[in-house]
Each structure stands twice: as structure tokens, then as C-alpha cells.
J.: 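This is the structure I have questions about; it appears just below.
Just follow the structure's listing: the first ligand is 1, and inside any ligand the first atom is 1.
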Amino acid sequence: MSNRRSFWGWGTEVSGPTEEQSVAIAKTIAQRFGVDDLELRPPPRITDVELRAARLTPPDSLAARCASDPLERAGHTYGKSYRDVVRGARGEFENPPDVVAFPESEDEVAALLDWAGDAGAAAIPYGGGSSVVGGVEADVGDTYTGAICIDLSRLDAVLEIDRASRAARIQAGIFGPALETALRPLGLTLRHFPQSFEFSTLGGWIATRSGGHYATLHTHIDDFVESMRVVTPTGVVESRRLPGSGAGPSPDRLFLGSEGILGIITEAWMRLQDRPTFRASASVRFAAASGSDDDAFARGARAVRVLAQSGLFPANCRLLDPLEAATSGAGNGDDAVLVLGFESADHPLDTKMARALELCRDAGGIAPDGTVATRTDTAPARDEAARAWRNAFLRAPYARDVLARAAVISETFESAVTWDRFESFHADVMQATRDAVKRICGAGSVTCRFTHVYPDGAAPYFTVLAPSRHGSELSQWAEIKSAASEVLLAHGGTITHHHAVGRDHRPWYDRQRPDVFARALGAAKAELDPRWVMNPGVLIPN
Ligand SMILES: Cc1cc2nc3c(=O)[nH]c(=O)nc-3n(C[C@H](O)[C@H](O)[C@H](O)COP(=O)(O)OP(=O)(O)OC[C@H]3O[C@@H](n4cnc5c(N)ncnc54)[C@H](O)[C@@H]3O)c2cc1C
């Protein structure tokens with residue numbers, strides 16, 4: 001066991017729970033659903049994995065940057081969706097890349113794309129591999145001679161810092177912790193913290209329009225991008241550094257969310273912030289008038305709408321439904337809990353927090369006096385509910401690996417919808433998903449929280465947990481995911497607020513996206529990628 005990345009699950013080989021802890025997690029879940037002890041299958045061993053023979057041989061000029069050994073190929077076969085982790089845990093690696101390349105310069109990225117085009121192979125950009133939508137899987141069909149995974153992790157430097165404009169030029173393959181470590185001595189931060197922060201990269205965030213931890217204002221990475229460089233099979237595209245511009249459609253917008261189908265983002269100038277020093281945190285409970293969990297959540301949602309429209313812009317505004325709050329230790333299971341936080345590098349937050357709590361109380365929330373935790377240094381201020389919730393949040397991806405080994409379906413899906421439709425949207429998505437879970441698995445739970453809120457709507461995030469059987473879990477997962485996705489779309493929501501489209505969300509994205517726009521995107525791809533090598537099957541058809 002070493003500190004290298006797990007080839008099938010979250011984190012590194014040593015960062016997950018011990019075998020004893022894994023057994024305890026499986027037991028807790030079995031008790032929760034009233035099923036007999038779950039069978040926890042052993043984790044896979046790389047020596048037992050059989051991979052299709054590699055079909056490509058790199059040219060001599062790139063050979064030193066390329067690997068074809070089983071550990072690299074298996075480790076780059078999947079992202080980290082539930083389906084990916086289950087297949088990895090079973091030792092099934094059906095579509096491994098033939099070669100994994102680790103370019104160390106932009107020229108090498110361009111040379112790899114040339115090689116892919118000449119060889120008739122697919123080129124799959126790979127950041128941290130934390131995609132949950134099949135975004136990095138080499139499932140490209142047999143019209144390609146093979147697949148080259150282009151891992152950007154060696155392009156990982158902060159190249160330049162412009163203190164006056166508070167921006168930095170950063171290479172795309174840098175992981176979240178290294179990026180923050182480089183900025184910290186200067187008192188700066190990108191302040192973009194997706195749950196996958198530790199094992200995802202700047203380029204991946206930009207390519208998927210990732211959503212950070214903060215609930216309002218700069219929710220997606222988009223707003224932090226000042227300019228970027230993209231190596232496409234046709235040539236390099238570099239946008240101009242500007243604080244704002246009205247000069248036609250923005251080139252950056254073409255590549256934000258392009259999920260590797262147009263080219264490889266190699267670096268970007270990113271807008272930074274001063275590290276917050278003032279923080280305040282509190283939690284507010286919302287009891288159910290009718291005794292139902294959904295009613296408690298709906299009451300909390302009404303308060304959140306008022307907050308989102310108040311101009312206070314809390315950094316954290318996470319409404320947890322009663323079961324979600326209880327599962328994370330943030331609540332008692334009867335009430336919805338709103339975890340509220342403010343941050344600033346400039347001013348104390350007492351007035352803002354006091355006003356936010358006043359608004360919550362007016363909307364029926366219970367926020368006893370004296371519950372506010374404040375700090376004036378860089379360590380976060382967290383009240384008990386916030387601390388419990390955050391710990392559970394960070395442990396969740398590791399626990400999911402255990403659930404995959406125990407045949408427990410563990411799926412999260414998210415959306416966004418305007419406030420006028422929110423209540424019926426939430427009620428119908430919950431009902432349809434619960435019905436699907438009951439029909440398909442017999443037992444299980446569906447919970448909801450807000451990840452991001454806007455003056456005109458909210459981004460609800462749903463978690464499904466359901467006991468299954470070894471061998472049936474992926475077909476049951478697919479049925480539940482499909483039922484949930486249908487209802488999201490039917491009620492006017494988006495198929496994803498921040499998890500991207502990849503291959504897995506394509507059936508719904510294809511219906512959500514205007515047809516003329518789909519053709520325009522295809523035409524842009526044909527121009528930038530005339531041999532259609534870039535991540536085929538993602539976002540638009542092959
Ligand atoms: C446990 C867990 C928690 C998560 N939490 C969040 C969250 O809070 N917020 C959120 O938004 N997402 C979240 N995700 C999803 C995922 O982390 C994001 O989509 C993330 O942005 C992917 O970054 P990555 O570096 O891992 O990219 P990868 O998974 O390696 O790639 C994602 C996509 O981007 C493309 N790509 C990667 N790098 C480049 C590049 N340099 N140029 C061009 N294309 C590129 C790939 O081809 C692929 O299509 C989570 C995933 C997991 C497993």
C-alpha cells in the first residue's frame with residue numbers, strides 16, 4: 001500500500017477507511033434499511049485485472065512521456081461516478097485507454113494531438129479523473145484505432161502572479177491543494193472548492209464548468225476565468241486578458257464547459273481573492289407544519305429564497321432536509337437545517353448575519369440567540385451543525401467506495417430551477433425518485449439539500465441510497481437514474497447544474513439543448529477538430 005492514487009476508488013491507496021471501518025459502514029447501512037448483513041466484497045487487486053492488449057505504440061519522440069502498464073491504463077479507464085466505482089471494484093475495465101500520456105509542455109500536448117489525428121485514435125483529456133458523467137472513459141467505438149488518455153498532471157505550475165490585478169496564470173493540470181498552497185503565502189486564494197477539490201484540477205474545473213463550495217455569487221468556475229489558452233488540433237487559441245469585454249461572443253465561453261471535445265486547456269489567467277479573515281456561521285432549523293420532511297424543506301426553501309433575494313449573499317447557504325441533516329449529524333431528523341455562513345477579507349459580518357437570521361426567523365425558522373460562531377483569522381468559524389455537516393461531506397466519497405463493494409446503490413444527482421417552479425419541482429422529483437427506488441430496490445432513501453442559490457432560483461442536490469444485490473446494482477442504478485433524469489427535465493430543470501454532461505447525461509442534454517445550437521457546436525468542433533479526435537461521444541454525437 002502506498003500513497004499513490006487508487007486505481008478504482010476515491011483518493012489514494014491509504015487515505016480511505018480501514019477494512020474494519022468499512023465493515024462498520026456496511027453494517028450501519030444494513031441496519032438503516034433493515035436488511036441482513038451486506039456482503040462486502042474485497043477490493044480489487046491490480047494483479048487480477050485483465051486488460052485488452054494495447055493497440056497503439058507511441059512514436060519515439062513521445063515514448064518517454066507515455067505509459068501502457070496495467071496500473072496506469074486501469075487507473076485512467078474511468079472517472080468516479082457510482083457506475084465507475086462499481087465496475088472498478090469488480091475489476092472490470094472494458095475500455096482502457098491504450099496509452100496514457102503525461103505531457104510536460106504545450107508543444108508535447110500539440111504533438112500528442114497530431115499523433116492521435118495521424119493514427120486515427122481518440123484523444124481524451126484527463127485532469128484528476130473525478131468526472132461523474134463518463135467524461136474520461138474511452139468508450140469511443142471501433143471507428144478509432146485506439147484511445148490516448150492525455151493526463152495533464154505534469155502541467156501543474158502557478159506561472160505568474162499579477163498582484164495589482166489580483167490574478168494568476170496557472171497551468172491546467174494543477175490539483176486544488178497545490179494551487180491553494182502556492183497562493184497562500186501571498187494572502188490570496190482562488191476560493192473555488194468543489195467537494196472533489198483534493199483530486200480534481202483547474203483544467204477539469206474549467207472544462208466542466210464546475211461548481212465550488214460557496215452558495216452564492218461566484219458559484220461556478222466561469223466567473224474566475226480571465227483568459228485561457230487552449231491547444232486544439234487546428235492550433236492554439238488564446239483569449240485576451242480583460243476584466244470585462246463587450247467585443248462579440250466571448251471566446252472563453254466557447255471553451256468553458258467544452259469537456260475536452262474542442263481542445264486541451266493548458267493554462268488560464270484566473271481571478272483571485274484575498275483570503276477571508278472575517279467569518280460567521282450559524283444554523284437555523286425549520287420544523288414541519290404537517291409532520292412531513294418535504295414540508296420542513298419547503299419552509300426552509302421559502303426562507304432561502306428571501307435570503308437569496310436580500311442582497312446579503314451568504315457564502316454558505318446549505319439547506320438540508322431532515323433525513324440529510326440527521327445522516328450528516330447536523331440535525332435531529334425532525335427539522336430541516338439551514339447551515340449559514342458569511343466570509344469577508346474586509347469587514348466584520350455581525351450585521352449581515354444578524355439581518356440574515358432576522359429574515360429566517362420571519363420566515364418561520366428557529367435560530368436561538370447566541371448560535372453565531374465568529375472568527376477573525378483564517379481558520380473557518382463553524383457552529384456544531386456546520387462542522388458535523390462538513391466532516392460528513394468530506395468523508396462521503398470514501399464511504400461510497402465501501403457501498404460499491406457492498407452492492408448498495410449510492411447516487412447523487414443535481415439540477416437547478418427557478419423559484420416559481422421550485423416547490424412542485426422538488427415535490428415531484430422526490431416522489432418520482434422515491435417511487436422508483438421502492439419499485440426497483442424495495443427499500444432505500446432519497447434526500448435533498450441546496451448546494452447553490454440564486455435570486456431567481458435554486459440548485460437542489462439529491463442523494464439516493466438503496467440496498468441492491470451483487471450483479472444487479474448497475475441495472476437498478478440505471479433505472480433509478482433514468483427515472484430521476486426524466487422528471488428533472490419534464491419539470492423544466494436542467495439535467496445538471498455542475499456535474500457536466502459527459503456521456504452519461506447525453507440522452508437528456510440532447511433534449512434540453514436547442515437543436516440549432518447543437519449544430520453550431522458541431523460546426524465549431526469540425527473547425528477546431530477536423531479529424532474528430534477530441535473526446536468523441538461527449539456532449540455531441542460521434
Ligand atoms: C466525490 C466527488 C465530488 C464532486 N464534487 C463536485 C463539486 O462539488 N462540484 C463540481 O462541479 N463537481 C464535482 N464533482 C465532479 C468533478 O469533480 C468535476 O466535474 C471536476 O470539475 C472534474 O475535474 P477533473 O480535473 O477531475 O477532470 P476530469 O474528470 O479528469 O475530466 C472532466 C472532463 O473535462 C475534460 N478535461 C479535463 N481536463 C481538461 C483540460 N485541461 N482541457 C480540456 N478538457 C479537460 C475531460 O476530458 C472530461 O471530459 C465531484 C466528483 C466526485 C467524484
J.: Evaluate the criterion salt bridge (Lys or Arg N to Asp or Glu O under 4.0 Å) for residue pair K525 and D529; output intermediate values, then yes/no.
T.: CA-CA 5 Å; K525 180 168 169 71; D529 179 22; 2.6 Å; yes

J.: Hey, does I409 have a side-chain heavy atom less than 4.5 Å from the side chain of Q476?
T.: yes

J.: Does NZ or CZ of R449 come closer than 6.0 Å to the centre of the six-membered ring of Y461, within 45° of the ring's axis?
T.: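 Satisfied, under 6.0 Å and within 45°.
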
J.: Can you give me a line-by-line list of nitrogen or oxygen pairs between ligand 1 and the protein shorter than 3.5 Å?
T.:
unit_1   : atom_1 : unit_2 : atom_2 : d
ligand 1 : 8 (O)  : Q195   : N      : 2.8
ligand 1 : 9 (N)  : G211   : O      : 2.8
ligand 1 : 11 (O) : G211   : N      : 2.7
ligand 1 : 11 (O) : H498   : O      : 3.0
ligand 1 : 17 (O) : S130   : OG     : 2.6
ligand 1 : 17 (O) : S196   : OG     : 2.6
ligand 1 : 19 (O) : T208   : OG1    : 3.4
ligand 1 : 21 (O) : G204   : O      : 3.4
ligand 1 : 21 (O) : T208   : OG1    : 2.8
ligand 1 : 25 (O) : G128   : N      : 2.8
ligand 1 : 25 (O) : T201   : N      : 2.8
ligand 1 : 25 (O) : T201   : OG1    : 2.7
ligand 1 : 26 (O) : G128   : N      : 3.2
ligand 1 : 26 (O) : G129   : N      : 3.2
ligand 1 : 26 (O) : S130   : N      : 2.9
ligand 1 : 26 (O) : S130   : OG     : 2.6
ligand 1 : 29 (O) : S130   : N      : 3.0
ligand 1 : 29 (O) : S131   : N      : 2.8
ligand 1 : 30 (O) : G127   : N      : 2.7
ligand 1 : 30 (O) : G128   : N      : 3.3
ligand 1 : 30 (O) : G129   : N      : 2.8
ligand 1 : 41 (N) : I265   : O      : 2.9
ligand 1 : 42 (N) : I265   : N      : 2.9
ligand 1 : 47 (O) : P125   : O      : 2.6
ligand 1 : 47 (O) : N535   : ND2    : 3.1
ligand 1 : 49 (O) : G135   : O      : 3.2
ligand 1 : 49 (O) : E259   : O      : 3.2
ligand 1 : 49 (O) : N535   : ND2    : 3.3

J.: Does the structure place the NZ or CZ of R191 under 6.0 Å from the centre of the six-membered ring of Y214, at an angle of no more than 45° from the ring's axis?
T.: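 Judged by the rule (NZ or CZ under 6.0 Å from the ring centre, within 45° of its axis), R191 counts as positioned above Y214.
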
J.: Look at the aromatic rings of F422 and F425 and report parallel, tilted or perpendicular, splitting at 30° and 60°.
T.: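 Ring orientation of F422 relative to F425: tilted.
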
J.: What pair of heavy atoms forms the shortest contact from V231 to E106, and how long is it?
T.: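 Closest approach of V231 to E106, heavy atoms only: CG2-CG, 3.4 Å.
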
